[in-house]
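Remarks on the structure that follows.
On a predicted model such as this, the values are computed, not experimentally measured, just so you know.
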Amino acid sequence: MSLNLRRNFIRQITRHQPIRPLFQSIRFYSVSENLVDKYRDKLQEKAKEKGVSVNDLLTEAKKTNTAQPLPILDSINSAAETPKPVKKTIKQAPPSHIKPLSSILKLDHILEESAERISTIWNSYHQSKHNCISAVIQEEFWVKLKERAKEYPLFILPLPRSTSESQGYEFFFLQFTPSLHEIYITPLIEYQTHRENAKPAFVITHYPDLLDLQNLQLREGFIGDFSLDSSKNSKGIVLMHGEPVVYGDEAPKVSVADAQTLIYQLQLYYVTGGDEMFKLVEDFYKNPKNFQYHWLIEMLEKMVSK
């Protein structure tokens, strides 16, 4: 990846736990034993549905790895070929289940601050929180991301996984919600097994509230004169928050470092990585039967080698 892209990403993402190496250059792919153990119950369930053993299921998957399109894309491709229309929402208002920005920041005070000061406050606030990430996104970046995500709301991305005995990749399913305010990150095997009932492992939330201060004023009911000067009606930034989803006593399935890697890849594919990377997103939708997962692995290795 270019030095400028690295620097931009470092400025955007604030980390809130010790950092481990995000990438490893791995030249072959296999089913790692730790992943088999991790998803053994789901593999047994899938094997039972097909009337085969778990070993037969894994053998079939390894054979498919060589040249055929990834079979676990089937459940996604049907959605990709006929995407659901995006529901209309109140201008810049997040869905009701999202924690409102006013519950995190004192908006009547924060709006008097500059975008740079708000960015510092936002990231400083998250530094005191455990196991989460934060970022401040420029309006131009957000507009492009939202435009492309509306047309292509589903994608898959790899993460390197390795043990002392084997090396491989685990794939994750990324889905923008209809409002485009959230991104759900789900292990692909979880999505394949449970489809619409799959449980997301990590959720990214975007707050575009500060792009329309007049609308925010009306929605929140505080007094402010943001409509007289259009240049003062927007701070030009979108605030981002991300955290793992924990179910009961289960350990998080996606770490903060993993989420950082996936979101960085998503940034490259959808906004900053150029035509070659975005074409893979388009191909995932327009030519799903011929889409091959190793293209994404090769692209990841190119990022690492630069």
Legend entry - Worked check of side-chain contact (heavy atoms from CB on, under 4.5 Å) between V256 and Q260: CA-CA 6 Å; V256 168; Q260 289 171 339; 3.9 Å; yes
Inset, instruction - Mind jotting down which residue pairs meet the salt bridge (Lys or Arg N to Asp or Glu O under 4.0 Å) criterion with at least one end in residues 262-277? Sequence neighbours excluded, please. - result: E276-K302
Legend entry - Pair listing, salt bridge (Lys or Arg N to Asp or Glu O under 4.0 Å) test, anchored in residues 236-246, at least two apart: none
Does the side chain of [X] reach to within under 4.5 Å of the side chain of [Y], using non-hydrogen atoms?
X    : Y    : result
Y264 : T272 : no
L154 : Y191 : no
M299 : L280 : yes
L111 : L210 : yes
V136 : L239 : yes
L296 : Y169 : no
F141 : V238 : no
I104 : K99  : yes

Nearest 0.5 angstrom please: [X] [atom1] to [Y] [atom2], how far?
X    : Y    : atom1 : atom2 : value
F202 : D258 : CZ    : CG    : 9.5 Å
D209 : D212 : CG    : CG    : 9.5 Å
K144 : Q138 : NZ    : CD    : 15.0 Å
N123 : I133 : CG    : CD1   : 11.0 Å
S179 : K150 : OG    : NZ    : 12.0 Å
L159 : F172 : CG    : CZ    : 5.0 Å

Legend entry - ring pair (Phe, Tyr, Trp, His ring centres under 6.0 Å) partners of Y152, counting only residues at least two apart: F278, Y285
Legend entry - Y269: ring pair (Phe, Tyr, Trp, His ring centres under 6.0 Å) partners, not counting sequence neighbours: F155
Inset, instruction - Mind telling me whether H126 and H241 have parallel, tilted or perpendicular rings, with 30° and 60° as the class edges? - result: tilted
Please report the closest heavy-atom contact between [X] and [Y], naming both atoms and the distance.
X    : Y    : value
G248 : V246 : O-CG1, 3.7 Å
N290 : W295 : O-CH2, 3.2 Å
Y184 : P200 : CB-CB, 3.9 Å
D283 : F291 : C-CD1, 4.0 Å
V254 : P244 : O-CB, 3.9 Å
R161 : K253 : NH2-O, 4.4 Å

Kindly say whether [Y] contributes a backbone atom to a donor-acceptor pair with the side chain of [X] at under 3.5 angstrom?
X    : Y    : result
Q265 : P158 : yes
K235 : E113 : yes
W122 : M240 : yes

Legend entry - E112: partners by salt bridge (charged side-chain N to carboxylate O under 4.0 Å, His left out), with sequence neighbours left out: none
Inset, instruction - With sequence neighbours excluded, tell me which residues meet salt bridge (charged side-chain N to carboxylate O under 4.0 Å, His left out) with K199. - result: none
Legend entry - ILVMFWY cluster, V143 and I237 together (side-chain gap under 4.5 Å): no
Inset, instruction - Walk me through it: do H206 and I183 pass the test side-chain contact (heavy atoms from CB on, under 4.5 Å)? - result: CA-CA 9 Å; H206 294 98; I183 306 172; 3.7 Å; yes
Inset, instruction - Apply the side-chain contact (heavy atoms from CB on, under 4.5 Å) test between I185 and each candidate in V203, I263, L266; give the one that qualifies. - result: I263
Inset, instruction - Evaluate side-chain contact (heavy atoms from CB on, under 4.5 Å) for I297 paired with F171, printing each intermediate quantity in order. - result: CA-CA 10 Å; I297 294 175; F171 275 81; 4.0 Å; yes
